[in-house]
Amino acid sequence: MQPILTLSGVRKSFGDAEIIRGVELELRAGERHAVIGPNGAGKSTVFHLISGHYAPTGGRIHFDGHDIQGASPQHINRLGLARSFQITNLFPKLSVYENLRIAVMRRHGVQHTLWRFIGGYAKVREETEQLMELVRLAGRRDASAGELSYSEQRSMEIGMALASDPKVILLDEPMAGMSHEETDYAVELIKTVTRGRSLLIVEHDMDVVFSLCDRISVLVYGQVIATGTPEEIRNNQKVKEAYLGEEAAA
Amino acid sequence: MQSKLWIPLAVGVALLVALPALLSQSLVNAAIQMLIAALFACAFNLVCGQAGMLSFGHAAYFGVGTFATVHAMNAFNGAGLLPTPLMPLAGAVVGLLTGIAAGWFATQRTGTYFAMITLALAELMHALAPHLKGVFGGEAGISAMRMPAWGLGFGSSTEVYYLVLAWVLLSLALLYLFTLTPVGRLTLGLRENSQRLRFLGYDVHRLNVTVFAISAMFAGIAGGLQALNTESANYVLLESHVSAAVVLNSYIGGVTVFLGPALGAALMTFFGYAVSDLTRSWLLYQGVLFVLVMMFMPTGLAGFIRWVGTARRAHGTVALLPMLCAGLLAGLLLTAGTVFTVELLQRFFSQDYRAMAALNAGAGWAPIALFGRDWLPTAVATWAVPLGLWAVGAALVRATARLWHALQERAEPAETPTAQQGSAL
């Protein structure tokens, strides 16, 4: 399979501290790929580098025929890469509907439209309603995003990432703080919505990772020490030492 | 909710239309000022309340609108392409262009840095204006004449009032309709979380410039109306206190409600007109009022009115009445006490009084005339008046708070706003 997203030798320093020290990562088209690793390994930073939040200090990020290292977030999003955030990142005082509608609107090219009312876009309304159903928030349509429960906000994060109909989705700990039932639903949801797309996910819940993902990369101290199928990772000696061993000790 | 608003809105417009028949000439002039200030505040609030960017230099866009309109009045003489009633279009165009240029720089940054850049740009223009005699007319300013057009003379205040009213209503309607467009909805996203917009694929800087320019355009229209009203423009229009006033007016009115800033600006302009002849301490009162509003009702007058509305629905008008009356009375007493003290002190420390005291040295402190009576600054009775007013006022504030708590306990679950908001002024 062709890789759709490739990171080669990606580095990032903050002052003297080098957090990402030459990451090599390959996301194949259509696969679901998890990034795991102990706390502080730099998983979120890698996501920030891919999505344009930070510019890497060195290395290359290649996405779908474009070099995107250092590109702006909106440029990367328009190429077809969307992300969710680990820390909930919504429009807190706007309603659920309005949040999702803003996310949907982009694809309909109306961001400079001053001569038509938003209510007149039937397609935008339709898609927003569908998205709201999909992430099970239709019952909370008029609640402001800030007053949603934590897990509802997590669902909305997934919904907002989906709204742009991306080729690649980056989900940063989407299940954190969810109950078992909610996690199960979210896993099914992610399986459904990533059909025909590629997924890169950071997740701590190993059950989720092993049941959801085709391949796993293990990130330790800013470097990928292993990549492989869940089975390979489970049996990898380096991973056991560096990651699983550490977790067992802690 | 939305449909119910039509009734007060229609009544308000009808009242504005009927106003000149009911008021004296000088009050009509004040009303013109109020309308212009209201439009300016609403234009400002597009950037401030809706997009969440605090601009400290909006006088610049109001000012260029005034200058552009005066130039247009001189160039067209009220005939040809731009007859007198359409003159504010000159202000709109120049406001828009200035807004695009200034907005492009200012919105490179957010928060404090944005505020500083807008302030700097306005100060730059203010400093430059007296030196550009051709454009700004130097220190003397420039002037023009309102020419008759469309069969109207525009000689009387009433005619100017209706012209200004038409423009203000049209502009406010357009500003409201803007909030219903895609860009209008995204403007709220700018305020809430501009970083997230970026990750959803939006060009935030372009959006910022658009919003800023539209705001500047309507500020330019307000400036143009000012030019039509006063038939002149002077570089003092670009002074920072004009920028500060629109910020204060908007917050006092309430930036979270569409018409809040209009309300605040109209009221403060009226107070300025009514009170500035009576007292020299008007600016002090304005400042105190602003601080109190920010402390006790941060959502402003409009927010307070909305709060009363929700409280009425929750508890019923009758149950609410004693509390509102107590609060109102407390506010009046505290205001009276404060005004008394300020006015007395202002007269006591005035140069005239000092000179008198120095002349009549040894004769003791002369009585001060205030509110139709003479007050001895050394008499206990004089100072007992404000102290008494404050004491009763403070007691009433506590009573108001108690009434409110009692109401809340009776009607669990509690309402969101605090008791302080209920008792404030």
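By convention in this document, chain letters (A, B, ...) are assigned in the order of the sequence lines, proteins followed by strands, and residues within each chain are numbered from 1.
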> For Arg109(B), does the CZ atom have more than 12 heavy-atom neighbours from other residues, nucleotides or ligands under 6.0 Å away?
Replying inline: no

> Any donor-acceptor pair under 3.5 Å linking the side chain of Arg196(B) with the backbone of Asn89(A)?
Replying inline: yes

> Tell me, side chain or backbone of Leu197(B) under 4.5 Å from chain A's heavy atoms, or both, or neither?
Replying inline: both

>> Need one label for Arg106(A): side chain, backbone, both or neither, based on atoms under 4.5 Å from any heavy atom in chain B.
In response: both

>> Rounded to the nearest 0.5 Å, what separates atom CG in Leu177(B) from atom CH2 in Trp115(A)?
In response: 15.5 Å

> Nearest 0.5 Å, what's the CG-CG distance between Leu94(A) and Asn193(B)?
Replying inline: 9.5 Å

> By a 4.5 Å heavy-atom criterion (distance strictly below it), what part of Phe178(B) contacts chain A: side chain, backbone, both, or neither?
Replying inline: side chain

> Measuring from Arg185(B):CZ to Arg101(A):CZ, what's the distance to the nearest 0.5 Å?
Replying inline: 6.0 Å

> Tell me, which pairs form a salt bridge (charged side-chain N to carboxylate O under 4.0 Å, His left out) where one or both residues lie in residues 47-74 of chain A, sequence neighbours left out?
Replying inline: Arg60(A)-Asp67(A), Asp64(A)-Lys167(A)

>> If I take atom OH from residue Tyr202(B) and atom OG from residue Ser164(A), how far apart are they, to the nearest 0.5 angstrom?
In response: 9.5 Å

> If you count heavy-atom pairs under 4.5 Å between each of His108(A), Lys93(A), Arg107(A) and chain B, which one has the most?
Replying inline: Lys93(A)

> From Leu90(A) CG over to Glu192(B) CD, what is the distance, rounded to the nearest 0.5 angstrom?
Replying inline: 10.5 Å

>> Using every non-hydrogen atom in the two residues, find where Tyr121(A) and Pro182(B) come nearest and quote the distance to one decimal.
In response: CE1-CG, 3.8 Å

>> Contact between Phe199(B) and Met160(A) at the side-chain level, heavy atoms closer than 4.5 Å - yes or no?
In response: no

> Where does Ala82(A) contact chain B at under 4.5 Å (heavy atoms): side chain, backbone, both or neither?
Replying inline: neither

> Is Phe14(A) atom CZ crowded by more than 12 heavy atoms from other residues, nucleotides or ligands, each under 6.0 Å away?
Replying inline: yes

> How many angstroms lie between CD1 in Ile102(A) and CG in Leu186(B), if you round to the nearest 0.5 Å?
Replying inline: 5.5 Å

> For Tyr113(B), does the OH atom sit with more than 12 other heavy atoms under 6.0 Å from it, leaving out its own atoms?
Replying inline: no

